[in-house]
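Fair warning: this is a prediction, and the values are worked out from it, not measured in the lab. Convention: sequence-line order gives letters A, B, ...; per-chain numbering from 1.
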Amino acid sequence: MTERAASLRPAHGDDVPRFRYDAALANDIEARWQDRWEAEGTYHAPNPSGELSGGFERVAGRPKLYVLDMFPYPSGVGLHVGHPLGYIGTDVYARYKRMTGHNVLHAMGYDAFGLPAEQYAVQTGQHPRVTTEANIATMRRQFRSLGLGHDDRRSVATTDVDYYRWTQWIFLQIYHSWFDHDAQRARPVAELEAELEAGTRLAVDDEHPEGRPWPALSAAERRRFIDDQRLVYLAEAPVNWCPALGTVLANEEVTAEGRSERGNFPVYKRPLRQWQMRITAYAERLADDLDLIDWPERIRTMQRNWIGRSVGATVRFPLADDPSNTVEVFTTRPDTLFGATFMVLAPEHPLVPQLVARAWDPSAPPSWRGAGLNGIIDGVPATGWASPTDAVAGYRRYASTRSDLERQVEGKAKTGVWTGAYAVNPTNGQHIPVFIADYVLMGYGTGAIMGVPAHDQRDFEFARDFDLSVVGVVRPPDTWYEDRGLAPGSPASAWPEAFTGAGEAMASANQGVSLDGLATADAIATVNAWLAAAGAGEATVTYRLRDWLFSRQRYWGEPFPIVYDDEGLPVALPESMLPVALPEVDDYRPTVVGDDDSLPEPPLARARDWAQVTLDLGDGPRTYRRELNTMPQWAGSCWYYLRYLDPHNDAALVDAAVERYWMQGSTSEGAPASGGVDLYVGGVEHAVLHLLYARFWHKVLFDLGHVSTPEPFQRLFNQGYILADAFVDERGVYVDASQVVGDVESGFSFEGRPVQRQVGKMGKSLRNAVSPDTIRAAYGTDTLRLYEMAMGPLDADRPWNARDIIGVHRFLQKLWRNLVDETTGESRVVTTAPDDELRPALHRTIAGVRADMDALRFNTAVAKLTELNNRLTRTQSGAGGGGGTAAEVADALVAMLAPLAPHVAEELWARLGHDTSVVWAPFPVADPALLVDDEVELPVQVAGKVRARVRVAADAGDAAVEAAVLADPRVQAALAGRPVRRAVVVPGRLVNLVV
RNA sequence: GCCGGCGUGGUGGAACGGUAGACACGGUCCCCUUAAAAGGGACUGCCCUCGGGCGUGCGGGUUCGACUCCCGCCGCCGGCACCA
């Protein structure tokens with residue numbers, strides 16, 4: 001201990017005590033302990049078996065705990081103080097849990113594929129791997145200097161060939177699977193083929209809903225059928241093409257405004273042949289299983305919104321001219337079927353060409369021919385189009401040129417045109433016109449709707465513009481009429497808007513069924529039963545979720561383990577040919593061919609020797625073309641939490657026993673509801689991207705038996721963002737916030753020019769980032785950690801306030817001073833027992849800090865430690881002070897500080913005479929006997945206001961307390977002679993006298 | 001429009017239905033010092049006639065008692081949205 005004390009390098013000025021806890025001393029302590037932790041492998045968490053199992057016997061009796069941070073992208077500019085908030089939070093929790101007897105796994109890796117490194121490569125010609133690896137090294141250094149206790153043997157990067165080999169392997173697992181809707185799970189394609197061959201299953205697809213026997217299919221048909229069943233498949237579909245990013249994007253990567261999530265660039269719909277992952281097959285489980293996991297309500301709601309489950313019915317409407325042909329619609333209100341007075345199909349609906357009539361029905365209103373669209377759509381004559389064929393062609397052309405963005409901007413004005421055809425309302429036999437209109441989307445439901453203008457506002461507006469009748473079949477409440485100035489019971493033709501609420505069904509009866517008088521929920525059930533019996537439809541659930549577009553036209557991503565044969569059909573490579581390593585190219589830019597909005601050829605096309613390959617896939621050497629797209633960045637982050645468990649395994653992505661131990665093993669709280677990572681901390685921005693994709697992959701792996709839990713992340717916690725003042729100049733450009741001077745009263749200025757203050761998320765784009773290095777240099781890492789934890793609850797956004805940091809620094813300084821003499825470096829700890837006030841205070845602190853740590857309330861834990869330390873300070877500086885700090889209190893205080901400020905805690909722990917690391921020390925346990933006082937001070941309320949405080953014995957009975965209270969002169973004064981009607985005694989809390 | 005979350009001192013924030021404002025910043029005063037810094041101590045929600053009055057976005061309700069629970073508003077943040 002003296003040796004360590006002597007090794008301190010006092011870098012202070014003459015007048016600063018030599019052993020004061022300041023930045024220089026803190027930095028010295030921190031550097032030494034970081035070296036020692038690394039040398040001793042202090043944070044290594046042993047696996048139960050296999051390569052990393054050394055030392056497991058030491059923790060074998062402990063419950064496991066898996067604490068995880070969201071995978072960071074290794075950015076070139078390094079961390080700012082906003083980044084580590086969540087990382088420090090998990091570190092504190094992991095350290096606390098280790099001290100309370102858990103085997104804690106906490107590791108860190110790098111989501112290192114992605115655009116910035118590639119864009120930098122395009123600019124500089126530097127290989128993305130070079131920048132990526134340099135950035136990872138920088139980030140690793142920064143994490144180390146924050147004192148984060150990661151098991152560094154488990155670190156992975158998605159860009160490591162050994163890692164993405166397994167990403168490709170998972171892709172193959174998904175490729176070789178199909179979704180068995182009866183079993184509601186993924187199964188190997190091989191099982192599907194076996195059942196088809198055995199004749200126990202027919203080949204059912206959209207064109208053959210009745211199913212075909214397997215022998216009836218040609219070899220090519222069989223292959224196409226199987227490929228169409230796979231969980232990952234090639235399909236021609238309208239996709240989101242973002243020219244500015246040079247790639248297509250998944251729906252989840254496009255904002256509601258039709259721009260890219262990353263960079264906010266415009267996105268265009270373009271039909272392209274791309275890889276898609278069949279996440280829609282899992283829509284129901286992804287929605288239902290949200291109930292199994294302990295996630296913030298906000299995130300679960302976002303996922304539910306995104307999945308967009310909608311309960312209703314599909315109904316088939318026969319065409320009037322050709323009853324064998326039907327148009328299927330989806331509706332959430334089948335109870336309004338009797339009020340359907342028209343139908344609308346999406347313009348791209350495949351049935352449109354078949355149902356277009358030859359000529360207009362002369363009795364139909366001119367508006368149906370598009371007469372009202374003159375001026376809205378180019379080329380429409382004032383009288384409307386001459387024939388249905390012209391109208392449909394004209395309208396389809398118009399609709400196809402409109403981007404999602406335009407449709408947003410142009411608002412809700414309804415356009416559309418009649419196809420000339422009629423369909424038959426199956427409930428009442430009425431012939432109703434069939435329109436096409438772009439307010440009906442091909443991508444949702446069946447791409448066709450029934451128009452019930454009385455009970456759907458969009459249909460109502462369409463009916464108004466196209467002179468369609470409005471028939472009410474649900475009676476609104478009288479107040480609804482009155483609010484609109486109508487007499488109750490007025491016909492729907494007089495309504496100013498649709499009535500979309502629930503009500504009593506009316507005018508809804510035929511020979512087979514009557515809904516009249518039924519409440520909406522009953523009417524839906526009744527009509528659904530009738531539809532099924534009549535063969536006209538059935539209850540159905542649809543989802544808004546679309547399949548996941550999985551191809552990217554980038555270089556810096558995982559290559560697909562896919563080649564194309566000479567028929568142009570995809571062939572999966574065998575596992576033995578993994579990894580498919582990224583080839584070298586001379587330029588990382590996509591090759592632009594033709595006009596600038598055409599899809600460029602991916603950069604991998606430049607690797608010509610790689611793109612063409614001769615392989616023996618079982619039928620002799622043949623030439624194949626490789627897939628040139630790469631996987632999206634989300635691929636690698638879908639499963640990294642599994643690789644941390646067994647990072648070097650080259651026989652499996654994770655060993656089964658190791659996976660079971662960490663993912664579903666016993667926890668201190670008993671059996672988990674769904675298993676998985678015990679605590680996952682990250683930002684809210686991944687609510688429907690990473691978190692949805694990862695759940696999807698995990699469920700596929702679960703179905704195939706590669707993991708043992710249905711969900712990957714049992715508990716999710718969203719850390720808040722650090723906000724900071726940002727400043728804009730007169731042009732609205734952000735200026736470097738650190739160079740701004742002034743204050744609220746006198747105004748702010750930058751280089752002499754006035755600037756406006758804003759508050760925003762700390763970051764590069766607002767030029768308001770604060771580097772951890774700055775804070776470390778001024779106060780030390782422990783102060784930074786403590787400040788980030790103390791400034792507020794972990795899940796709240798909070799403004800960075802440099803002025804407040806001194807507060808927690810003073811706390812550490814005072815704590816140090818209570819244990820160490822600042823001038824001599826001698827211990828101020830004494831073996832004397834704490835007195836009768838201090839010891840209970842200590843135990844109350846222990847109990848409180850434990851509860852706070854368990855609940856991730858680190859801010860209040862810090863407050864409680866501060867309070868206890870202030871009490872020590874008062875004792876030492878007060879009358880008769882200088883007696884030193886009782887070792888019993890010092891030990892406990894330092895141990896409780898260890899998760900939050902591990903370096904100074906280690907230093908003090910060693911100075912207290914311990915020769916093993918505080919990281920593995922037991923967390924103090926409160927003695928319950930010391931948590932109850934002999935005597936308590938009760939506030940006394942008279943008529944709800946606190947008027948006095950009375951000391952009574954803690955175990956006094958209600959009557960005794962009441963008597964003591966009534967005897968108090970201040971109580972008597974407050975009562976002023978009024979009789980006490982009732983005395984409420986809350987033992988140990990307060991007394992309320994009701995007058 | 002639908003859904004979710006949040007509104008507490010000058011500031012960040014505390015409060016199992018039980019003393020509103022813990023802890024910290026800032027501020028005022030005092031001690032130490034030749035002085036300053038650092039350090040230590042006291043006070044610090046608002047109003048006030050110094051007895052008290054008022055206070056957790058607003059208005060109701062439940063309760064002996066409400067920041068907390070319920071109902072109705074307002075404001076801010078976020079998600080979804082021509083989704084049938």
Side-chain angles (χ1 to χ4, degrees), chain A residues 13 15-17 20 22 256 296-308 310 312 329-333 336 344 346 407-408 410-414 437-441 443-452 455-459 461-462 500 542-544 684-685 687-688 744 787 790-793 795-808 810-811 813-814 817 822 848 851 857 859-867 869-870 873-874 876-878 881 937-941 943-949 981-995:
Chain A
D15 42 2
V16 176
R20 168 159 295 175
D22 60 6
E297 195 50 46
R298 175 168 60 147
I299 303 294
R300 292 198 292 183
T301 302
M302 283 189 215
Q303 291 219 345
R304 282 200 190 94
N305 280 345
W306 190 260
I307 295 166
S310 186
V329 304
F330 173 75
T331 175
T332 54
R333 290 296 299 274
T336 63
V344 185
R407 283 164 68 148
Q408 294 271 343
E410 286 170 29
K412 319 222 180 217
K414 296 284 180 294
D438 68 359
Y439 83 91
V440 175
L441 310 173
Y444 183 77
T446 62
I449 62 153
M450 62 178 193
V452 185
H455 304 295
D456 181 286
Q457 189 58 28
R458 294 153 302 175
D459 296 349
E461 285 159 16
F462 191 80
T500 56
T542 56
Y543 298 90
R544 198 190 79 97
V684 71
E685 69 273 15
V688 289
V744 182
Y787 173 62
M791 65 199 291
D795 56 356
D797 293 349
R798 52 306 236 332
W800 181 260
N801 191 345
R803 215 170 54 175
D804 286 345
I805 302 171
I806 188 71
V808 286
R810 280 180 195 151
F811 160 56
Q813 210 165 60
K814 288 188 222 180
R817 187 155 51 224
E822 285 190 332
R857 290 190 305 249
N859 53 330
T860 50
V862 173
K864 290 181 174 80
L865 294 174
T866 308
E867 219 170 343
N869 187 56
N870 287 348
T873 306
R874 261 196 311 277
Q876 299 231 351
S877 65
E937 188 182 70
L938 296 185
V940 182
Q941 295 183 335
K945 301 261 179 231
V946 176
R947 300 294 180 182
R949 281 158 226 283
R981 284 204 293 132
R982 189 177 154 195
V984 179
V985 178
V986 184
R989 301 300 311 202
L990 57 49
V991 179
N992 190 7
L993 300 176
V994 186
V995 294

**Item:** Listed partners of R300(A) passing side chain to side chain donor-acceptor pair (under 3.5 Å), at least two apart
**Value:** E297(A)

**Item:** Residues which pass side-chain contact (heavy atoms from CB on, under 4.5 Å) with V985(A), listed by chain and number, not counting sequence neighbours
**Value:** D958(A), V961(A), V991(A)

**Qualifying residues under side-chain contact (heavy atoms from CB on, under 4.5 Å), relative to N869(A), sequence neighbours excluded** = F811(A), K814(A), L815(A), N818(A), L872(A), T873(A), L893(A)

**Item:** Pairing pattern in dot-bracket form [Watson-Crick, G-U; both distances under 3.5 Å; | = partner strand] for RNA chain B
**Value:** (((((((..(((.....[....)))((((((.......))))))(((....)))..(((((..]....))))))))))))....

Show the distances under 3.5 angstrom between N or O atoms of the protein and N or O atoms of nucleotides 54-56 of chain B.
none

Are there any protein N/O atoms within less than 3.5 Å of an N/O atom in nucleotides 16-19 of chain B, and if so, which ones and at what distance?
residue, atom, partner, partner atom, Å
G18(B), O2', R989(A), NE, 3.2
U19(B), O2, R949(A), NH1, 2.1
U19(B), O2, R949(A), NH2, 3.1
U19(B), N3, R949(A), NH1, 3.0

**Request:** Please identify each residue that fulfils ring pair (Phe, Tyr, Trp, His ring centres under 6.0 Å) with W306(A), with sequence neighbours left out.
**Result:** none

Where do N or O atoms of nucleotides 25-33 of chain B meet protein N or O atoms at under 3.5 Å, pair by pair?
residue, atom, partner, partner atom, Å
C25(B), OP1, R810(A), NH1, 2.5
C25(B), O4', D804(A), OD1, 3.3
C25(B), O2', D804(A), OD1, 2.7

**Item:** Residues forming a side-chain contact (heavy atoms from CB on, under 4.5 Å) with A687(A), sequence neighbours excluded
**Value:** I299(A), M302(A)

**Asked** Taking only residues two or more places apart in sequence or in another chain, which ones pass side chain to side chain donor-acceptor pair (under 3.5 Å) with R458(A)?
**Response** D456(A)

**Request:** Return the set of residues passing side-chain contact (heavy atoms from CB on, under 4.5 Å) with E867(A) (not counting sequence neighbours), or none when no residue passes.
**Result:** none

**For R810(A), all residues meeting side chain to side chain donor-acceptor pair (under 3.5 Å), sequence neighbours excluded** = none

